[in-house]
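Values below: every heavy atom of this structure, side chains too, minus hydrogens, waters and symmetry copies. Model, not experiment: these values are computed from the prediction. Counting convention: from 1, in listed order, for ligands and their atoms alike.
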Amino acid sequence: MASNTETQNGEQGRHQEVGHKSLLQSDALYQYILDTSVYPREPEAMKELREITAKHPWNLMTTSADEGQFLNMLLKLINAKNTMEIGVYTGYSLLATALALPDDGKILAMDINRENYELGLPVIQKAGLAHKIDFREGPALPVLDQMIEDGKYHGTFDFVFVDADKDNYLNYHKRLLELVKVGGVIGYDNTLWNGSVVAPPDAPLRKYVRYYRDFVLELNKALAADPRVEICQLPVGDGITLCRRIK
Ligand code: SAM
Ligand code: CA
């Protein structure tokens, strides 16, 4: 039997493709999860969208297949119907959400970039899910402010997935706590930020990783101290922190 190291080296080509999508220390173990439990159960539309996204130059941004499966399961477990997504890119997490919601479910989806959303849109349309999505092009913060001012959206969302500009997460949090219902969930993505949350000060980090790291550290501290939510930080993908509003 090959040793772990041999297996990992032998599969290096494949792991380069997926290694950055998980913080799991063993590439072989991560590949095992994908091959055993994720890819065989991945809906055809999600597979198609994942393959389209893989060809896009910014594919590093996409939600991984295992995290997509997790989100889909979570939404079903909480019976989510009215949801929001901040940061769509080509729509992999959006599709995972749309597949989980009932036919009259709704997703308010926001991104400053419509072009990338439109890359995945044909897959969403073909799957008969486009009617669940209200896509708004532009920065999310003014939309949240508008909804709060409006008044009628208070406490109406079952679930919000935040996967956009990390320097705004605390600004989103402040507003989302008014918009999500008591008992509802906000999922903040990338809260382990490439593992950089524990990197020593002199560690060689990519420029964007270094730049956003302080915002992620500040967010993690603030969420841990926030009495309005119960939290659970999971090492899925690049780390996701679930916040359940309790007051
Ligand atoms: N959830 C997506 C998926 O499953 O593929 C990945 C989202 S990607 C990591 C982050 C996205 O946030 C980018 O598409 C970017 O255009 C968007 N974004 C950045 N700043 C934003 C803002 N202020 N408001 C809304 N979207 C923003
Ligand atoms: Ca993400």
Would you mind checking which non-hydrogen protein atom is closest to atom 19 (C) of ligand 1, with the distance to 0.1 Å?
-> Ile112 CD1, 3.7 Å

Thr62 near ligand 1, heavy-atom distance under 4.0 Å?
-> yes

Any N or O of Asp165 that comes nearer than 3.5 Å to an N or O of ligand 1?
-> yes

Which N, O or S atom of Asp163 lies nearest to the Ca ion (ligand 2), by name | OD1

Look only at interatomic distance and state if Ser93 has a nitrogen or oxygen under 3.5 Å from any nitrogen or oxygen of ligand 1.
-> yes

Indicate whether any N or O donor in one side chain lies under 3.5 Å from an N or O acceptor in the other, for Ser196 and Asn194.
-> no

Do we see a donor-acceptor contact under 3.5 Å between the side chains of Asp66 and Tyr30?
-> yes

Could you confirm whether Asp189 has any N/O/S atom lying under 3.0 Å from the Ca ion (ligand 2)?
-> yes

Under 30°, 30 to 60°, or over 60°: which ring-plane class applies to Phe157 and Tyr153, parallel, tilted or perpendicular?
-> parallel

Is there a nitrogen or oxygen of Thr63 sitting under 3.5 Å from a nitrogen or oxygen of ligand 1?
-> yes

Plane angle bin for Tyr169 and Tyr188 - parallel if under 30°, tilted between 30 and 60°, otherwise perpendicular = tilted

What is the nearest protein non-hydrogen atom to atom 9 (C) of ligand 1, stated with its residue, atom name and distance?
-> Met61 O, 3.3 Å

What residue and atom, counting heavy atoms only, is the protein's closest point to atom 10 (C) of ligand 1, and at what distance?
-> Asp163 O, 3.1 Å

For atom 24 (N) of ligand 1, closest protein heavy-atom neighbour = Ala140 N, 3.1 Å

Relative to ligand 1, is Tyr172 under 4.0 angstrom through side chain, backbone, both or neither, heavy atoms considered?
-> side chain

Is there at least one pair of N or O atoms, one from Ile86 and one from ligand 1, spaced under 3.5 Å apart?
-> no

Does ligand 1 have an atom under 4.0 Å from some heavy atom of Gly138?
-> yes

Part of Leu94 within contact of ligand 1 (heavy atoms, under 4.0 Å) | neither

For the hydrophobic clusters of this structure (ILVMFWY residues joined by side-chain heavy atoms under 4.5 Å, transitively), does one cluster hold both Val236 and Val185?
-> yes

Is Gly87 in polar range of ligand 1, meaning some N or O pair under 3.5 Å apart?
-> yes

Less than 3.5 Å apart, which donor and acceptor atoms pair up between the side chains of residues 137-149 and the rest of the protein, not counting sequence neighbours?
| from | atom 1 | to | atom 2 | distance (Å) |
| --- | --- | --- | --- | --- |
| Glu137 | OE1 | Arg114 | NE | 3.2 |
| Asp145 | OD1 | Arg175 | NE | 2.6 |

What class does the angle between the rings of Phe161 and Phe159 fall in, given that below 30° is parallel, 30 to 60° is tilted and above 60° is perpendicular?
-> parallel

Please confirm if an N, O or S atom belonging to Met61, backbone or side chain, lies less than 3.0 Å from the Ca ion (ligand 2).
-> no

Asp111 near ligand 1, heavy-atom distance under 4.0 Å?
-> yes

At a 4.0 Å threshold, what atoms of ligand 1 neighbour a non-hydrogen atom of Val88?
-> 2 (C), 3 (C), 5 (O)

Taking everything shown except Lys76 itself, do over 12 heavy atoms lie less than 6.0 Å from its NZ?
-> yes

If we only count heavy atoms from C-beta on, is the Arg213 to Lys166 side-chain gap below 4.5 Å?
-> no

Between Thr83 and Thr97: side-chain donor-acceptor atoms closer than 3.5 Å | no

Do the non-hydrogen side-chain atoms of Trp58 and Thr90 ever get within less than 4.5 Å of each other?
-> no

